[in-house]
2 protein chains.
Amino acid sequence: MKAVWKLALRTPNIISLANGDPHNSLYPISQIDFKVPAVNTENPCSEWKSGDGPTQTFTSYKDKDCALSLQVALQYGAGAGLLDVRKTLSGFNEMLHGCTSATHDVTLSLGNADALTKCFRLLGDPGDSFLVEEFSFPGMTNAPLAHGIKWVPVMMDEDGILPTSLESILEAWDTDTRGKRPHVLYTIPSGQNPTGGTLTLERRREIYKIACRWNLIILEDDPYYFLQYDRKPVSPPDIESEGYGKTFAKTLIPSFLSMDKDGRVIRIDSFSKIIVPGMRLGWIASNPFFAEKLESLTDSSTQHPHGFGQAFVAEMLGPKGWGPDGFMRWVGSLCDEYQRKRDFFLKIFLREVGDNGFATVGTPTAGMFVWIKVHLERHPRYAEEGPTSSNVEELMDELFNKLFDGGVLLMPAKTFACPSDNRDSTRNKLNHFRATFAGVDGTIENALVIFGKVLREFFGEHAAS
Amino acid sequence: MKAVWKLALRTPNIISLANGDPHNSLYPISQIDFKVPAVNTENPCSEWKSGDGPTQTFTSYKDKDCALSLQVALQYGAGAGLLDVRKTLSGFNEMLHGCTSATHDVTLSLGNADALTKCFRLLGDPGDSFLVEEFSFPGMTNAPLAHGIKWVPVMMDEDGILPTSLESILEAWDTDTRGKRPHVLYTIPSGQNPTGGTLTLERRREIYKIACRWNLIILEDDPYYFLQYDRKPVSPPDIESEGYGKTFAKTLIPSFLSMDKDGRVIRIDSFSKIIVPGMRLGWIASNPFFAEKLESLTDSSTQHPHGFGQAFVAEMLGPKGWGPDGFMRWVGSLCDEYQRKRDFFLKIFLREVGDNGFATVGTPTAGMFVWIKVHLERHPRYAEEGPTSSNVEELMDELFNKLFDGGVLLMPAKTFACPSDNRDSTRNKLNHFRATFAGVDGTIENALVIFGKVLREFFGEHAAS
């Protein structure tokens, strides 16, 4: 069938009775309007949130001029997405990461879960081993288990993966006992889920070097990339000369994609955290060979993303919409809002938990999560019996239940422990909760008041000095 | 992770810091408007097509009352889709097929390709054999080959699958040489792709009985179900008493789903042919056990369908939209339009090809396709050398190329031949082209003029008497 289409595409005047495509004159949708904030104000996000900021409308038409006609957006299309949308996002990637479609082609996805599960399937055969942060998002790490992929956890600290751990795993790998050496590293480099850590630039460079040395493919899953905090301020003269988008981009930490000379990075981006999760449309940058395989797999599984979302993206980034500069103004304003939320969380945490030493948090510089460390070694019933047989898990279960009974839900670390053959490596690191600061202030405050109280009771009953 | 969510869902007042969900106050979309035809006129489709019919607007709001708030539609959701949308489509299925969610639960899909590939994956292990029409849609039959599924073609005529062929395959199955007996029948029962055939009610009943006897699961892939022609007229007294939707539904041929007592039918429905292909949202009816598995697979692969489409469906079928009755008015009007197109195609075909006996077509009663039979036995170079070694394929290739050089593209039958181990069974039936009548009149007319001319040349050069 593909051979026939290719033949037809090369022959522009061909009259086709080949396809079962409904004609666009029969689409019962002639116009779609999305009401959105105007972004030419000082702080579009906070004005929008308060409900009285200026608005604008992205409009897609079937029969009038716009960035992407609904005649095209609402028809069947190729698995990689519509060329106009791919080009727009390719230009966006060039602004952000300095790479072009010649080395890194853009394929649309149905969001990061879809993108990643397709990559896992394309890159892994049953019995293969993939590398991953020792704590990661189980929605993704569980997905390829049914396909026979085994995960190998890489040790991490508050800044993410430890390059030394990565290198030593690869160096010590015994192919006789463990099969093929891992050829894929799956990582969430910014605002990591669940730890909230962000790989420093230095670590990124080291990891990329290790990837070159051991010929690893890096799956860079970066949904929180656009939510970075404590950045350098954007420079007004730069905005003047280069536009807001490019100037803002320079305040973000460089991605693995931006370092990639070999086509070994597959970068996966999302609108879920910066527009809406229900959009279910994202974009993948990969070398053209991988892009072709991703498109084939898409054509014979999910098909391309919906036209409503492609129309939205085209108008949003198009000449009558926000454009790339306006989009980054929205993102910048959203960063300010989340940074304020983070600071509010940390302030209330300090107030409610204080310096009693029962629990501490770091200061995440990206994303939506803090990784609360519970200092169980101070608990009277803590029993350290060697590195792999403590009662950390039991005590954390007990604390989780007490918190739940008290009325607050936090995600226990064990939910995120890498599903590898050997759970011993993470057993003593389960003394953490993932908490989000993405909610509203009242929720954060109420939850942390309970957390502080339950924590004191938990430790205090028989408090150690 | 799921265990934690379930715990949380049972505890309504819990304060959660568990999820990384952006708060809806930060969604930069407060309203979506879809401009659509009003359907309270005599023939909404033809008025809309001409561009001057009355219109209406489906509107979704984030902060105002509507069928499905954007606060919910644009957030993360469960893999099966939002409960409100599933309930709406479940009610719709009840109107059409008389089944409820107690026996056949509704799961949303990203369109039929997504639904089917998920079903193939859930129902088949490597080495399993599935039954299918001997000519079917290659986009689907190719999909599970990589997973090790083998296809077994069932013979068909202009009305679709021959029950005798189905029965004899199952009866003659030798598990020693061929492995497990097939347990899945994949079929497109209405306006079949590519043959355009529609299974008669009698055949549907026979096939369902065979399925019961041999314990087959029926995958009823029915994207053309709503496009049925030469139906009984809708009865005005019935409309008065039961509403338009239910009255219209009674003019449609009963589905396999409507006959299903055992939960062995998985029915897959689509908006692609009756709303727009780019919507990429459909619905699956299956027994609750299968529905649960479909949801799990969705949660660990594509995730749920996009919120834009769920919002659209909710408003379309909701109290301020078309509602089920109005939706069926649109569908009925669309049927009239496609029936007119079909008749136009057949009229021009008769004019251009006539009764010279070189090619003939049937009269499809559903869908978008006619299956043009080329009477190669009348061609002077036709060489019948036994049932499996004629030159049908070579002559059809030659004709395809002549048509293409003449400027018209038709889909050759060989594109659709079931990809089974043994292609012999379809070899002598490759003397067909699939043509669509879904396009505009001018295209149909221009294409058939060329088709008639090239056909006469092809046969006429050395025309047999």
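Note on naming: letters A, B, ... go to the chains in the order of the sequence lines (proteins, then strands), and numbering restarts at 1 for each one.
- Residue contact with chain B, scored on non-hydrogen atoms closer than 4.5 Å, involves the backbone and the side chain of A/S272 alike.
- Of the atoms belonging to A/F369, it is side-chain heavy atoms, and not backbone ones, that fall under 4.5 Å from chain B.
- Among A/T117, A/L74, A/D299, the residue making the largest number of heavy-atom pairs under 4.5 Å with chain B is A/L74.
- Across B/N24, B/L110, B/I275, the residue that shares the most heavy-atom pairs under 4.5 angstrom with chain A is B/I275.
- In this structure, the portion of B/F345 lying under 4.5 Å from any heavy atom of chain A is its side chain and not its backbone.
- Contact annotation for B/F34: both backbone and side-chain heavy atoms come within less than 4.5 Å of a heavy atom of chain A.
- Here the straight-line distance linking atom NZ of A/K35 with atom CG of B/L70 works out to 11.5 Å at 0.5 Å rounding.
- Listed here is the closest heavy atom pair of A/L409 and B/A8: CD2-CB, 3.5 Å.
- A/R280 and B/H306 make their closest contact through CG-CA, 3.8 Å (heavy atoms, listed as atom of the first residue, atom of the second, distance).
- Looking only at heavy-atom pairs under 4.5 Å with chain A, the residue among B/F437, B/Y27, B/Y76, B/F451 that has the most is B/Y76.
- Among the candidates A/S16, A/P22, A/A143, the residue making the largest number of heavy-atom pairs closer than 4.5 Å to chain B is A/P22.
- Top candidate by heavy-atom pairs under 4.5 Å with chain B, chosen from A/N13, A/V408, A/T415, A/I274, is A/V408.
- For the pair A/I32 and B/I32, the minimum side-chain heavy-atom distance is below 4.5 Å.
- When heavy atoms are compared at a cutoff of 4.5 Å, B/F416 approaches chain A solely by way of its side chain, counted from C-beta outward.
- Put simply, of B/P28, B/G307, B/A438, the one with the most heavy-atom pairs under 4.5 Å next to chain A is B/P28.
- The residue from B/L403, B/I372, B/T443 that alone fulfils the side-chain contact (heavy atoms from CB on, under 4.5 Å) condition with A/L17 is B/T443.
- When B/K414, B/H23, B/M368, B/Q31 are compared by the number of non-hydrogen pairs under 4.5 Å with chain A, B/Q31 comes out ahead.
- Of the two parts of B/A73, only the backbone, made up of N, CA, C and O, holds a non-hydrogen atom closer than 4.5 Å to a non-hydrogen atom of chain A.
- In this structure, chain A has no heavy atom under 4.5 Å from any part of B/Q310.
- If you tally non-hydrogen atom pairs under 4.5 Å between each of B/V36, B/I14, B/L297, B/I444 and chain A, the highest count goes to B/I14.
- With a 4.5 Å cut-off on non-hydrogen atoms, B/L116 does not touch chain A at all.
- For B/D21, the part lying under 4.5 angstrom from a heavy atom of chain A is the backbone only.
- Closest approach of A/Q303 to B/A113, counting heavy atoms only: NE2-CB, 3.4 Å.
- The candidate with the highest count of non-hydrogen atom pairs below 4.5 Å against chain B, out of A/N19, A/N112, A/L334, is A/N19.
- Contacts of B/Y338 with chain A are made by side-chain atoms alone, with heavy-atom separations under 4.5 Å and no backbone atom involved.
- Heavy-atom pairs under 4.5 Å with chain B peak, among A/M140, A/E337, A/K273, A/K62, at A/K273.
- The most heavy-atom pairs under 4.5 Å with chain A, out of B/V440, B/L448, B/D33, B/D114, come from B/D33.
- When heavy atoms are compared at a cutoff of 4.5 Å, B/N142 does not approach chain A at all.
- Interface remark: A/P305 contributes backbone atoms only to the contact with chain B (heavy atom separation under 4.5 Å).
- Residue B/F271 does not touch chain A at all, counting heavy-atom pairs closer than 4.5 Å.
- Nearest approach of B/W48 to A/S30, heavy atoms of both residues: CH2-OG, 3.3 Å.
- The part of A/F312 that comes within reach of chain B is its side chain, from C-beta onward, which places non-hydrogen atoms under 4.5 angstrom from that chain.
- Contacts with chain B were tallied for A/N446, A/L26, A/L410; A/L26 has the most, counting heavy-atom pairs under 4.5 Å.
- Between A/P277 and B/Q75, the shortest heavy-atom distance links the atoms CG-OE1, 3.3 Å.
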